[in-house]
Undergrad: 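One structure follows; several queries about it will come next.
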2 protein chains.
Amino acid sequence: MRTIDKPEKILATALRLFVASGFHGTPTSKIASEAGVSNGTLFHYFKTKDELVVALYSSIKAELNQYVAAKINEAEAVKEKFRNLFRCSVEWALENKEAFYFIQQFHFSPHLGLVPEEEIRKQTELHTSLLQDAWHAKILKPLPVDLIAALTGNQINGMYQYLTVHAVPADDQRKLIDEVFELTWTMIANPETR
Amino acid sequence: MRTIDKPEKILATALRLFVASGFHGTPTSKIASEAGVSNGTLFHYFKTKDELVVALYSSIKAELNQYVAAKINEAEAVKEKFRNLFRCSVEWALENKEAFYFIQQFHFSPHLGLVPEEEIRKQTELHTSLLQDAWHAKILKPLPVDLIAALTGNQINGMYQYLTVHAVPADDQRKLIDEVFELTWTMIANPETR
DNA sequence: ATGTTTGTAGAGTGATCAGTCAGTTTGTGA
DNA sequence: TCACAAACTGACTGATCACTCTACAAACAT
């Protein structure tokens with residue numbers, strides 16, 4: 001039982017290879033060898049390749065959620081919470097480009113259907129509860145909550161996409177992110193409530 | 001030379017299967033048989049599987065562009081053009097869900113790198129020229145054009161995502177799309193210019 | 001008619017890959 | 001010290017797949 005972290009090493013290697021060549025494009029044998037484990041070991045920890053893919057998705061989502069949740073709770077006011085959510089998500093995405101890319105890749109793949117309903121709910125709980133609260137407090141425009149969720153989620157994607165293809169100095173980057181957040185907030189916030 | 005439209009039949013079948021099972025998840029043999037052609041015929045028209053995937057992407061993009069371009073030119077004012085662009089894109093996506101899903105799937109796959117630079121430019125020409133014009137006329141906020149492009153593009157995705165999971169009556173749908181467009185426009189338009 | 005090109009078929013092939021298995025090593029508890 | 005389990009190995013396998021090849025048929029040209 002020499003293992004320090006074989007499953008994690010496998011997941012990390014799989015992430016790198018999946019992003020480079022796609023799920024089906026990367027053989028399990030390559031994942032195993034590049035992770036420094038044998039073929040058998042990989043299947044010892046993950047019964048099937050699909051299970052590996054899903055496990056990778058879940059672990060990445062969990063990490064992202066943990067990261068964001070911590071920062072959100074630092075804030076008091078709802079708007080601050082949203083700002084932190086926006087900021088953190090973008091920053092995390094920029095610091096974990098492969099992981100963020102993988103999430104999107106996974107989202108547009110048949111593997112998404114393999115994730116149990118309950119897990120999906122858990123993963124989105126943070127966002128939904130925040131949105132629900134804000135909506136009930138009439139802080140948001142009278143639009144469907146799910147629509148607001150979809151729009152804000154995609155604002156993050158847009159911000160991320162721009163910053164990945166256009167290198168921007170760190171200072172300007174922060175400013176830009178906050179600027180775009182303000183635009184987003186104006187878009188979804190009810191101007192009548194203060 | 002019995003062919004009526006075998007290449008198109010192949011592309012249509014490939015689209016359906018790719019969306020259902022992913023690129024690598026669908027064998028060329030299945031595409032051929034479900035399209036009603038032989039295995040050899042498929043490779044007669046498309047030298048490799050990758051070429052088929054890229055050809056499918058190009059044809060879909062071309063179709064979308066043609067559809068949108070026609071409607072944009074109906075409008076005079078810049079804002080109307082943007083509105084038509086937004087409306088059409090969402091409507092096309094809803095009427096061609098598989099195709100729109102495929103575009104995204106393709107975008108987050110290694111195949112994207114196989115599309116020649118020039119083709120990509122052609123495909124985005126419509127959007128970029130429209131944005132460039134608006135930006136030079138100072139109609140838009142003083143933000144990088146590419147950022148505005150990324151944000152608006154993702155607004156369309158968000159709108160599409162919401163409407164695919166929440167069935168909405170056609171009338172309400174139109175209203176909602178226009179409402180979200182107004183929000184988007186407020187977000188990117190320079191309030192000082194009329 | 002005759003040759004040539006183009007379209008179509010489908011059996012065949014070599015390579016690849018997910019997953020297995022029989023066996024070895026390493027740690028653990030009595 | 002020994003028994004037992006869990007971790008680990010890598011050769012192996014059966015299936016699958018992208019792509020080829022040979023053969024034939026239809027259209028067209030001369």
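Every chain is numbered from 1 and lettered A, B, ... according to where its sequence line falls, protein lines coming before strand lines.
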Undergrad: Would you say dT8(C) has OP1 or OP2 under 4.0 Å from some side-chain N or O of Tyr45(B)?
TA: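 So the side-chain polar atoms of Tyr45(B) do come within 4.0 Å of the phosphate oxygens OP1 or OP2 of dT8(C), strictly under.
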
Undergrad: Report the distance from atom CD1 of Ile10(A) to atom P of dA18(C), rounded to the nearest whole Å.
TA: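 Going from CD1 in Ile10(A) over to P in dA18(C) covers 14 Å.
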
Undergrad: Below 4.0 angstrom from OP1 or OP2 of dA7(D), is there any side-chain N or O of Thr41(A)?
TA: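 No.
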
Undergrad: Check whether any side-chain nitrogen or oxygen of Ser38(A) sits under 4.0 Å from OP1 or OP2 of dT9(D), and answer yes or no.
TA: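 Yes, Ser38(A) has a side-chain N/O under 4.0 Å of OP1/OP2 on dT9(D).
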
Undergrad: Please tell me if the side chains of Tyr101(A) and Thr164(A) come closer than 4.5 Å, counting only heavy atoms from C-beta onward.
TA: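 Tyr101(A) does not reach Thr164(A) side chain to side chain.
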
Undergrad: Given dA7(D), dG10(D), dT8(C), which nucleotide is nearest the side-chain atoms of His44(A)?
TA: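 Within the option list, the nearest is dA7(D).
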
Undergrad: Can you check the Lys9(A) NZ to dC8(D) C1' distance for me, whole Å?
TA: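 Roughly 16 Å, once rounded to whole Å.
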
Undergrad: State which residues pass salt bridge (charged side-chain N to carboxylate O under 4.0 Å, His left out) with Glu80(A); sequence neighbours excluded, sorted by chain then number.
TA: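 With sequence neighbours excluded, Glu80(A) shows a salt bridge (charged side-chain N to carboxylate O under 4.0 Å, His left out) to Arg83(A), given in chain and number order.
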
Undergrad: Could you list the protein-to-nucleotides 15-19 of chain D atom pairs, N/O on both sides, closer than 3.5 Å?
TA:
{"from": "dA18(D)", "atom 1": "OP1", "to": "Lys49(B)", "atom 2": "NZ", "distance (Å)": "2.5"}
{"from": "dA18(D)", "atom 1": "OP2", "to": "Thr28(B)", "atom 2": "N", "distance (Å)": "2.7"}
{"from": "dA18(D)", "atom 1": "OP2", "to": "Thr28(B)", "atom 2": "OG1", "distance (Å)": "2.9"}
{"from": "dC19(D)", "atom 1": "OP2", "to": "Lys49(B)", "atom 2": "N", "distance (Å)": "2.7"}
{"from": "dC19(D)", "atom 1": "N4", "to": "Asn39(B)", "atom 2": "ND2", "distance (Å)": "3.4"}

Undergrad: Could you give the side-chain donor-acceptor pairs of residues 170-180 of chain B under 3.5 Å, partners two or more places apart or in another chain?
TA:
{"from": "Asp178(B)", "atom 1": "OD1", "to": "Arg87(B)", "atom 2": "NE", "distance (Å)": "3.0"}
{"from": "Asp178(B)", "atom 1": "OD1", "to": "Arg87(B)", "atom 2": "NH2", "distance (Å)": "3.4"}
{"from": "Asp178(B)", "atom 1": "OD2", "to": "Arg87(B)", "atom 2": "NH2", "distance (Å)": "3.1"}

Undergrad: Name all residues meeting the salt bridge (charged side-chain N to carboxylate O under 4.0 Å, His left out) criterion together with Asp133(A); count only those two or more places apart in sequence or in a different chain, and write none if there are none.
TA: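 Not a single residue meets the salt bridge (charged side-chain N to carboxylate O under 4.0 Å, His left out) criterion with Asp133(A).
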
Undergrad: Whole angstroms only, please: what is the CG-P distance between Asp5(A) and dC8(D)?
TA: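 Checked: the CG to P distance equals 11 Å.
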
Undergrad: What I'd like to find out is whether the side chain of Lys141(A) reaches to under 4.5 Å of the side chain of Leu183(B), using heavy atoms alone.
TA: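 With C-beta onward as the side chain, the pair touches.
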
Undergrad: Not counting sequence neighbours, list each pair that qualifies as a ring-ring contact (aromatic ring centres under 6.0 Å, His included) and has a residue in residues 112-154 of chain A.
TA: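 Sorted result for residues 112-154 of chain A: empty, none.
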
Undergrad: Choose from dA9(C), dG7(C), dT9(D) the nucleotide whose nearest atom is closest to any side-chain atom of Lys6(A).
TA: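 Nearest to the side chain of Lys6(A) among the choices is dT9(D).
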
Undergrad: Using a 3.5 Å cut-off and no angle test, enumerate the donor-acceptor pairs between side-chain atoms of residues 13-20 of chain B and protein atoms at least two apart in sequence or in another chain.
TA:
{"from": "Thr13(B)", "atom 1": "OG1", "to": "Lys9(B)", "atom 2": "O", "distance (Å)": "2.8"}
{"from": "Arg16(B)", "atom 1": "NH1", "to": "Glu34(B)", "atom 2": "OE1", "distance (Å)": "3.2"}
{"from": "Arg16(B)", "atom 1": "NH2", "to": "Glu34(B)", "atom 2": "OE1", "distance (Å)": "3.3"}

Undergrad: Listing request: all ring-ring contact (aromatic ring centres under 6.0 Å, His included) pairs with a residue in residues 149-169 of chain B, at least two apart in sequence or in separate chains.
TA: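 Output for this query lists Phe100(B)-Tyr160(B), Tyr162(B)-His166(B).
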
Undergrad: Listing time: all N or O pairs from protein to nucleotides 22-24 of chain C that are below 3.5 Å?
TA:
none

Undergrad: Identify each donor-acceptor pair in which a side-chain atom of residues 62-72 of chain B lies under 3.5 Å from a protein atom, sequence neighbours left out, and give them as a table.
TA:
{"from": "Asn65(B)", "atom 1": "ND2", "to": "Gln123(B)", "atom 2": "O", "distance (Å)": "2.9"}

